[in-house]
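A quick write-up on the structure given underneath.
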Protein chains: 4
Amino acid sequence: MRADAQRNRARILDAAEAVFAEFGPRASTEEVARRAGVAIGTVFRHFPTKDDLLAAIMKRLLTQLVEEAGQRDLFAFFTLMVAQAAAKKTVADLLAGSGMNIRLPDAVGHLEEAVGRLLEQARAAGVVAAPVRLAEVMALLASVCQGALHGGWDEQLQARTLAVIFAGLKRY
Amino acid sequence: MRADAQRNRARILDAAEAVFAEFGPRASTEEVARRAGVAIGTVFRHFPTKDDLLAAIMKRLLTQLVEEAGQRDLFAFFTLMVAQAAAKKTVADLLAGSGMNIRLPDAVGHLEEAVGRLLEQARAAGVVAAPVRLAEVMALLASVCQGALHGGWDEQLQARTLAVIFAGLKRY
Amino acid sequence: MRADAQRNRARILDAAEAVFAEFGPRASTEEVARRAGVAIGTVFRHFPTKDDLLAAIMKRLLTQLVEEAGQRDLFAFFTLMVAQAAAKKTVADLLAGSGMNIRLPDAVGHLEEAVGRLLEQARAAGVVAAPVRLAEVMALLASVCQGALHGGWDEQLQARTLAVIFAGLKRY
Amino acid sequence: MRADAQRNRARILDAAEAVFAEFGPRASTEEVARRAGVAIGTVFRHFPTKDDLLAAIMKRLLTQLVEEAGQRDLFAFFTLMVAQAAAKKTVADLLAGSGMNIRLPDAVGHLEEAVGRLLEQARAAGVVAAPVRLAEVMALLASVCQGALHGGWDEQLQARTLAVIFAGLKRY
DNA sequence: AATGAATGAGCGTTCATTCAT
DNA sequence: GATGAATGAACGCTCATTCAT
């Protein structure tokens, strides 16, 4: 792939992340092209369908999350994801399945593995109760991201809400 | 309002609840009219925009929830709402703000009051920790409904997830 | 169906016949709407897909042909169809299957029956040789319509070409 | 012209003949490039517009036909062309003018001359009636190729259809 | 000369909304 | 009040053509 194509692909992804974060997955592909400063055909050359574009954003965001998971403990990562939920509206919305046909088993799987490692560490450190399993941790994470995203929580509310969950994880 | 108009309004609301529950808020207004057995013009006469129709459904669903809240304790109500989340897809999706412009301060306020009463009772009974406030209870409720709706949780996962939250509420 | 809808449906069909006759089946549906003096949505309300519109034209043209067949002998009908081929470009082109997904077995079947009756009469009158079958008469008819349509034949050429075929039908 | 350019030109023509034979003239130029194993720019360097490419194929096919005409009598050539019509979908379709702007006076002229020679031989041999002229022979040829191409004739129908025309040519 | 990324007009289609009947 | 036909902006997507690399 040529250098300029590479650059355009990145610009389209950046624009798409911003546009879909702002307007949700129903924003038009034209708007993405406009924001990226390319013609509509260029978007479709890189991502043959809109769903492909959405899937590509998701994958990138999830990959970033996995990286960030490696540098934090479970509670810090939980907090970070919730704080970023609004900025990463697309992830939350698409995980929520807004009518799009997107399959990202791998990327989601990697995130789950990363969280699984954090959970084991937390259990080993005695800060999470033994019977807590990965499945409900993921469920809580997804839920609270959705909640934070759409609820327009301020920092206080976010902290208090997470405090309840963290208390539950410790003293299950 | 004429009797037949009254009747049509109710049929449209029923149809809309069913249609939007099945297909989400992106379902077409025509489909609602078809299911209600009225012409499209009649839908728009009763609800001048699609958002008005969605708001009306929401209001009705929230009112039902308030009634149900009066007959349960906090944990039971929490569990009920999560269990119904999928069936009432519309509530969750619209609370999630899928691109629609909907404001329902009153109906949401009533629900909040009802949950507030449950919270006080729970605190009085000593099954919820003193510092837990209504705001985070509502936040958790909304979040977990979203999560349950879009996550396709089975009963076990739902129970385990709620168990974490309930533990947190008790031993905050 | 309302009177105005009926009228619009007819106008759309007329416009479509003219437009597709002039530009072939690849002409845009917008152009049909423009020529009919209606908005694009109206065309799609009456004919949910472009193929439906093309099929409707075909059906109407074939029906007209069947009527005309009833009032002529085989040679006259043959001549008439060839003479009209250019004006009815769409029939010829679509019978030629220009990539469209159109099925009109009934209408085509009726035409075939009508030609079959003409053939029997012609055989009875002794102006067509006994072994000539309907299949090849239809094949010749379709072929020469195509030829006349695309070849831009003048009247003389048309007459001389048909003369060969008619001679062949008589003295097979 | 460089040797590799020469080679590319031939490969593009071969690919185009195959692609357009399979999908008709509406097949995309990209598909031709793909099949030829060259980039799309190379196709447009050799043939500045799609129509130029189609014209080039036509010319080549017509040239082949002229050669084949030299080795057969009128009836055999007629039969051959009809039999090949489907395989050479492009010729028939483009002669049919599927919206393309193509002019090939020379190549068509050469074919016409070749057929003219066959006609003279046939007349001299007494197997074609004296008044039959070249114009209607060409018209019949073009027509029946079209018919065979789009009608999906089996061998029997093709034989019977041609039999009528041949009878007409002999006993005009 | 070849590449292939970029362009952008154009297409078929949908659907919230309006308004004549 | 009810009907449902009409509207037209907007969308996802295609593809002939251009041009920087």
Side-chain angles (χ1 to χ4, degrees), chain A residues 1-9 12 26-33 37-53, chain B residues 1-9 26-34 38-53, chain C residues 1-9 12 26-33 36-53, chain D residues 1-9 26-34 37-53:
Chain A
M1 192 188 272
R2 280 208 239 140
D4 57 342
Q6 199 89 274
R7 199 161 46 243
N8 270 341
R9 199 191 136 91
I12 290 167
R26 298 178 59 177
S28 81
T29 314
E30 287 273 7
E31 179 59 31
V32 172
V38 301
I40 185 64
T42 303
V43 175
F44 279 93
R45 160 171 276 264
H46 285 280
F47 307 96
T49 70
K50 188 183 183 178
D51 282 354
D52 289 334
L53 176 56
Chain B
M1 190 189 274
R2 284 211 231 138
D4 60 340
Q6 198 90 273
R7 199 162 45 245
N8 272 343
R9 200 191 134 89
R26 298 179 60 172
S28 82
T29 315
E30 286 272 358
E31 179 58 33
V32 172
R34 191 153 36 243
V38 302
I40 182 68
T42 304
V43 175
F44 276 90
R45 163 167 283 268
H46 285 280
F47 307 95
T49 70
K50 188 181 184 180
D51 282 354
D52 290 333
L53 176 56
Chain C
M1 191 188 273
R2 282 209 237 142
D4 57 342
Q6 198 88 276
R7 200 161 45 244
N8 270 343
R9 197 191 138 91
I12 290 167
R26 297 180 58 177
S28 81
T29 315
E30 288 273 7
E31 180 58 31
V32 172
V38 301
I40 184 64
T42 303
V43 175
F44 278 92
R45 161 170 275 264
H46 285 280
F47 306 96
T49 69
K50 188 182 183 179
D51 282 354
D52 290 332
L53 177 55
Chain D
M1 192 187 272
R2 283 210 231 139
D4 59 341
Q6 197 90 273
R7 199 162 46 245
N8 271 344
R9 199 191 136 90
R26 298 179 60 173
S28 82
T29 315
E30 286 273 358
E31 179 59 32
V32 173
R34 192 154 34 244
V38 301
I40 183 66
T42 304
V43 175
F44 277 89
R45 163 167 284 268
H46 284 281
F47 308 95
T49 71
K50 187 180 185 180
D51 282 354
D52 289 333
L53 175 56

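In what follows, chains are A, B, ... by sequence order, proteins preceding strands, each numbered from 1.
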### Task
Hey, which sits more toward the 5' end of DNA chain E by its nearest nucleotide, A:Val43 or C:Phe47?
A:Val43
### Message
Measuring only between side-chain heavy atoms, which start at C-beta, is A:Arg2 closer than 4.5 Å to A:Arg7?
### Response
no
### Task
Grab the two heavy atoms, one from C:Val32 and one from C:Ile12, that are nearest each other, plus how far apart they are.
CG1-O, 3.9 Å
### Smallest separation among heavy atoms of A:Val43 and A:Ala33, with atom names
CG2-CB, 3.7 Å
### Task
Indicate, with a heavy-atom threshold strictly under 4.0 Å, whether A:Thr29 touches base, sugar-phosphate, or nothing.
sugar-phosphate
### Query
Nearest-Å distance, CG (C:Asp4) to C1' (F:dT3)?
12 Å
### Task
Take the protein atom CZ of B:Arg7 and the nucleotide atom C1' of F:dG1, then report the distance between them rounded to whole Å.
13 Å
### Query
Just how far, in rounded Å, is C1' of F:dG4 from CZ of B:Arg34?
12 Å
### Query
Does anyone know the first and last nucleotide of DNA chain E in reach of chain B, 5' to 3', at under 4.0 angstrom to a heavy atom?
E:dA16 to E:dT18
### Message
Return the CZ to CG distance between C:Phe44 and C:Leu53, rounded to the nearest 0.5 Å.
### Response
8.5 Å
#### Entry: Whichever of C:Gly37 and C:Glu30 has its nearest DNA chain F nucleotide further upstream toward 5'
C:Gly37
### Message
If I take atom CZ from residue D:Arg26 and atom CD from residue D:Glu31, how far apart are they, to the nearest 0.5 angstrom?
### Response
15.0 Å
#### Entry: Minimum heavy-atom distance D:Arg9-D:Phe47, with the two atoms named
NH1-CE2, 3.5 Å
### Query
For DNA chain E, what string of dots and brackets results from 5' to 3' when Watson-Crick and G-U pairs need both distances under 3.5 Å, crossing pairs get [ ], and pairs with another strand get |?
.||||||||||||||||||||
### Task
Report the residue (A:Phe44 or D:Gly41) whose heavy-atom-nearest nucleotide on DNA chain F is the more 5′ of the two.
A:Phe44
### Query
Roughly how many Å is it from CD in B:Glu31 to C1' in F:dG4, rounded to a whole number?
16 Å
### Summary
Here the gap from B:Gln6 atom CD to B:His46 atom NE2, rounded to the nearest 0.5 Å, amounts to 9.0 Å
### Task
Can you see which heavy atom on D:Glu30 is nearest to which on A:Arg45, and at what distance?
OE2-NH2, 4.3 Å
#### Entry: Along DNA chain E (nearest heavy atom to each residue), the more 5'-positioned of A:Ala39 and C:Ala27
A:Ala39
### Message
Classify D:Ser28 by what it touches in the nucleic acid, base, sugar-phosphate, or nothing, heavy-atom distance under 4.0 Å.
### Response
sugar-phosphate
